[in-house]
Amino acid sequence: MIELKNLHAGYPGRPVLNGIDLEFRPGEVLAILGPNGCGKSTLLRSVNGLLPKAGGDVLVDGVPLERLSAKDIAKKIAYLPQSRSTPSITAGRMVLHGRFPYLSYPRRYSQKDHEIVKRALERVGAEDLAQRPLSELSGGQRQKVYLAMALAQDTRTILMDEPTTYLDVSCQLEVMALACRLAEEGRAVVMVLHDLPLALRCAHRMVLLSGGRIYQAGTPEELYKGDVLTQVMGVCLGRVETEDGWRYFYR
Amino acid sequence: MENRRRLGLIVLLAGLVLLSGVANLAFGAVPIPTREVIAALLGRGGSTQTAIVLYARLPRLCGCLLAGAALACAGVIIQGVLNNPLAAPNIIGVNSGAGLATALCCALAPGAVRLTPIAAFFGALAGVLLVLFIAERAGAARITLVLAGVAMSSIFSAGIDAVVTFFPDALSGYTDFRVGGVKNLSMARLAPAFWVIVIALLIALSLSNELDLLLLGRETAQSLGLPAKWLRLALLMLAAALAGAAVSFAGLLGFVGLLVPHIMRRMVGEDSFPLLLSSALGGGLLLTVCDLASRLIFTPFELPLGIVLSLTGGPFFIWLLLKQRRGGGGT
């Protein structure tokens with residue numbers, strides 16, 4: 001489990017996060033919401049060690065992040081950044097690089113690595129894409145391949161920065177369904193999301209950031225009823241009950 | 001399937017290198033029968049033809065293979081590290097940095113032939129580090145990088161001109177150096193560069209997984225446990241060693257570092273291991289063929305290799321720009 005204690009982080013001359021206390025719990029999809037510039041991506045980067053923290057603590061299974069090597073962190077936390085390159089390598093090769101943290105002498109990927117990659121591609125329903133160059137795939141297919149890479153990394157925590165942006169609706173739902181399945185297996189899944197109805201529908205817990213602080217954290221029900229989304233995001237939401245739960249919409 | 005196709009391509013390239021190598025030894029102002037060439041290589045000949053093969057053409061061939069492999073692989077590395085397909089050692093000022101250092105070395109320590117690859121390495125490294133610095137500062141915007149590289153190339157070239165003005169005898173055959181070529185080489189002169197290039201190529205091949213990871217973007221690479229900052233630096237130093245060693249004996253050969261990686265990327269994709277291997281072979285092949293053409297077009301007169309290379313490389317580069325524009329890929 002990952003715990004943030006009074007975390008401060010930011011860029012030179014520009015503090016962004018001011019005292020965040022938060023837990024990423026196994027078995028849970030946590031959605032991080034908030035207006036642009038409130039520190040959502042900064043939060044994921046500092047948890048992953050990509051951005052040095054300015055104060056406070058990040059504990060990974062009780063161990064301070066700074067005591068872990070880059071490879072140790074990569075074995076515990078997978079991260080899908082917001083902007084990604086699409087080199088013209090095959091999807092299978094891309095997923096194989098998820099095994100990089102486990103690579104040891106003689107520095108060639110083993111048969112076991114290849115088997116894990118095959119399973120990861122099957123999990124996301126992308127086994128038929130393995131031989132296709134990444135640059136030829138659609139946005140939704142690429143996202144699946146990136147998810148497979150995160151799965152091949154075999155970590156207990158997966159951080160995703162806006163994984164549904166630029167995807168069509170059915171792909172968005174597919175990504176969210178996969179996130180829920182990963183959480184059911186005992187992983188902690190943390191997603192930065194802009195789509196409030198999607199987040200309310202799929203997440204187990206939500207954190208609303210504003211001005212580098214936690215404005216409110218709680219279940220989707222608590223955030224919806226507390227009207228905080230209107231206060232911070234400036235939008236009105238409504239909902240209707242369906243056979244498989246609540247569906248939210250912008251008013 | 002994909003791997004088998006790549007392997008086939010690499011074997012084909014190796015075969016072509018071998019063929020063009022034999023042709024390079026056999027053809028020229030004096031045609032020499034293949035039988036004689038083989039006899040000379042096996043140390044069995046004793047004629048003038050043997051001397052031509054061993055002391056004139058063989059060093060040239062080795063120079064072509066080494067410079068071609070080194071510049072093409074330096075191109076692959078620089079393009080991968082800077083994530084910019086238009087970056088190449090001659091475009092971003094690495095070659096001219098090495099050229100300036102070579103010119104300075106020849107001017108200040110004439111006769112110290114063994115020092116030139118080292119000086120060239122530091123010159124190329126200075127070029128590479130300036131590029132990295134600008135890339136970090138300017139957010140690595142592709143066009144900024146290329147423009148800054150052009151500016152740096154021009155500064156270094158002015159430096160070379162200044163050295164030649166103050167020490168007119170420093171670079172005997174300055175024009176040859178500037179245009180680039182493999183004339184008047186000896187095996188002894190090639191030896192230091194040979195070791196630098198072979199060792200740097202082996203290290204580059206062993207770091208191909210890391211180079212692949214950098215292609216995924218800095219954040220993804222770091223999140224997979226790669227010390228991206230140090231690795232970029234180490235890889236650029238390797239590229240500097242390769243480009244520097246090549247420039248130290250072959251002068252300012254352009255376009256190999258741009259042309260070959262682009263062709264090979266289309267043929268084998270961006271996986272670094274096959275890309276480096278095929279680029280090394282392709283670079284050697286291109287220079288060997290261009291060198292042969294430079295000797296045969298106006299026999300018995302010889303065109304400098306750099307001119308033939310630029311006349312083939314220039315149009316290709318323009319075609320590349322037009323094609324990228326049509327395909328929607330910008331700079």
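First the proteins, then the strands, lettered A, B, ... as listed; each starts at 1. Values below: every heavy atom of this structure, side chains too, minus hydrogens, waters and symmetry copies.
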Subject >> Atom pair CD (B/Glu210) and NE2 (A/His97), whose distance is rounded to the nearest 0.5 Å >> reply: 9.5 Å
Original post:
In terms of heavy-atom pairs under 4.5 Å, which option from A/Gly98, A/Ser135, A/Gly49, A/Ala74 contacts chain B the most?
Top reply: A/Ala74
Original post:
Under 4.0 Å between a Lys/Arg side-chain N and an Asp/Glu carboxylate O for A/Lys118 and A/Glu122?
Top reply: yes
Original post:
Considering only heavy atoms from C-beta outward, does the side chain of B/Val81 approach that of B/Leu211 to under 4.5 Å?
Top reply: yes
Original post:
So which part of B/Leu226 gets closer than 4.5 Å to some heavy atom of chain A, the side chain, the backbone, both or neither?
Top reply: both
Subject >> Heavy-atom proximity to chain A below 4.5 Å, by part of B/Leu214 >> reply: neither
Let's test your reading of the structure: which of [options] forms the most heavy-atom pairs below 4.5 Å with chain A?
options                                : value
B/Gly217, B/Pro227, B/Gly225, B/Ala228 : B/Gly225
B/Asp212, B/Thr220, B/Leu275, B/Asn209 : B/Asn209
B/Leu215, B/Asp271, B/Leu224           : B/Leu224

Tell me, side chain or backbone of [X] under 4.5 Å from chain B's heavy atoms, or both, or neither?
X        : answer
A/Pro133 : neither
A/Ile77  : backbone
A/Arg45  : side chain

**OP:** Check whether the side chains of B/Arg265 and B/Gln79 place a donor and an acceptor atom closer than 3.5 Å, and report yes or no.
**Re:** yes
Original post:
Just by distance, with hydrogens left out, do A/Ser41 and A/Asp161 show a side-chain donor and acceptor under 3.5 Å apart?
Top reply: yes
**OP:** Kindly indicate whether a cation-pi arrangement holds for A/Lys71 with A/Tyr102, taking the cut-offs as under 6.0 Å to the six-membered ring centre and within 45° of the axis.
**Re:** no
Subject >> Among A/Val95, A/Val175, A/Leu121, side-chain contact (heavy atoms from CB on, under 4.5 Å) partner for A/Leu147 >> reply: A/Val175
